[in-house]
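Every chain is numbered from 1 and lettered A, B, ... according to where its sequence line falls, protein lines coming before strand lines. Side chains included, hydrogens not; waters and symmetry mates left out as well; all remaining heavy atoms used.
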Amino acid sequence: MKIASWNVNSLKVRIPHLTQWLADAQPDVVALQETKLEDAKFPVDELTAAGYHAVYSGQKTYNGVAILARNNGELKFDDVVTDIPGLDDPQRRILAATVGGVRVVDLYVVNGKAVGDEKYEYKLHWLERVRAFLEQEIKRHPRLVVLGDFNIAPDSRDVYDPDSWGEEVLCSPPERAALKDITELGLNDSFRMFEQDGGHYSWWDYRQGAFRRNMGLRIDLILLGDALKSSVKAAAIDREPRRWERPSDHTPVTVDLDI
DNA sequence: ATGGTCGCCCAGCGA
């Protein structure tokens, strides 16, 4: 089973990129973030034509998450969750579903704007509520995959210039501690199971030719529950779609599981 | 030295 995560930064704009990438990469399950679409406008027909069905939790203009699964007759969605205890949140950032025997939790983590901003305080609160939810999820579903745009670079290897970035938002110690509280539930950063070096990023700012200069961050993660660790055959970042015309600022990340 | 790009839709915010 190949599982992917991609922040598409508007599914309406990126549907050609998504359908091309689905054809190229042939993933079984794909978590999307920043769809920026109301559910009534979700591109069901285009995705059906591409061979995928979907669950989605969207809103106008901002946020929005979706999970796609290949239409091969086996990958049905069960136990869909869009809201968690302790977060009465109109922002559509969380979507959980069971598919193919795997529990998938798609997250579009709050960006936080700047350390100390009220959005930053909300980010830390949001992450704590998500941690509590995941603690319950992994008990019920040991075969747990938590993936998405975490808006946190786990350590300095995940930042193009850690000295200049310092302890700003996406890299601040409290954010990294909140992520550690999640990974310590027994959720493993799949990319780091295969690659220890820095310089591998999943997001590059649209400005300053950041992609061309590889000035990026690795903030899109696929965390695998301990029960899935022995099944992982590969984890990768696919930079190709970031090279295409009118790209998302994020590129897809993937894992291959032998299940 | 300052501001630099997208996407939402047309003003300015969020990332």
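Annotation: dC6(B) and dT2(B) have their P atoms spaced 24 Å apart (nearest Å). With C1' as the reference atom, dA1(B) and dC9(B) are 32 Å apart, rounded to whole Å. Rounded to a whole angstrom, the distance from the P atom of dG7(B) to that of dG3(B) is 23 Å. Going from the P atom of dG12(B) to that of dG4(B) covers 16 Å, rounded to whole Å.
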For residues 40-58 of chain A, please give each side-chain donor-acceptor pair under 3.5 Å, one per line with the distance, not counting sequence neighbours.
residue, atom, partner, partner atom, Å
Thr48(A), OG1, Val44(A), O, 2.8
Tyr52(A), OH, Pro27(A), O, 2.6
His53(A), NE2, Leu75(A), O, 2.6

For residues 79-86 of chain A, dump all side-chain donor-acceptor pairs below 3.5 Å to protein atoms at least two apart in sequence or in another chain.
residue, atom, partner, partner atom, Å
Asp83(A), OD1, Arg92(A), NH2, 2.8
Asp83(A), OD2, Arg92(A), NH1, 3.2

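Take Asp155(A) and apply the side chain to side chain contact (heavy atoms under 4.5 Å, CB included) test, not counting sequence neighbours, and it matches Arg157(A), Asp158(A). For Asp258(A), the side chain to side chain contact (heavy atoms under 4.5 Å, CB included) partners are Lys233(A), not counting sequence neighbours.
Rounded to an integer number of Å, the gap from Asn111(A) CG to dG14(B) P is 10 Å.
When heavy atoms are screened at a 4.0 angstrom cut-off, Arg93(A) is found touching the sugar-phosphate backbone but no base atom. In this structure, Tyr108(A) reaches the sugar-phosphate backbone alone: every heavy-atom distance under 4.0 Å involves primed, P, OP1 or OP2 atoms, never a base.
Side chains of Trp21(A) and Asp238(A): a donor-acceptor N/O pair is present below 3.5 angstrom, by distance only.
With a 4.5 Å cut-off on side-chain heavy atoms, Leu11(A) and Lys36(A) do not count as touching.
The local environment of CD in Glu135(A) is crowded, with over 12 non-hydrogen atoms from other residues, nucleotides or ligands closer than 6.0 Å.
Contacts of residues 122-129 of chain A with DNA chain B (heavy atom under 4.0 Å): none.
Taking the six-membered ring where the residue is Trp, Tyr160(A) and Trp165(A) present perpendicular rings, their angle passing 60° and hence far from 30°.
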Per-nt protein contacts along nucleotides 1-13 of chain B (heavy atom under 4.0 Å; B base, S backbone sugar-phosphate only, - none) come out as ---BBSSS-----
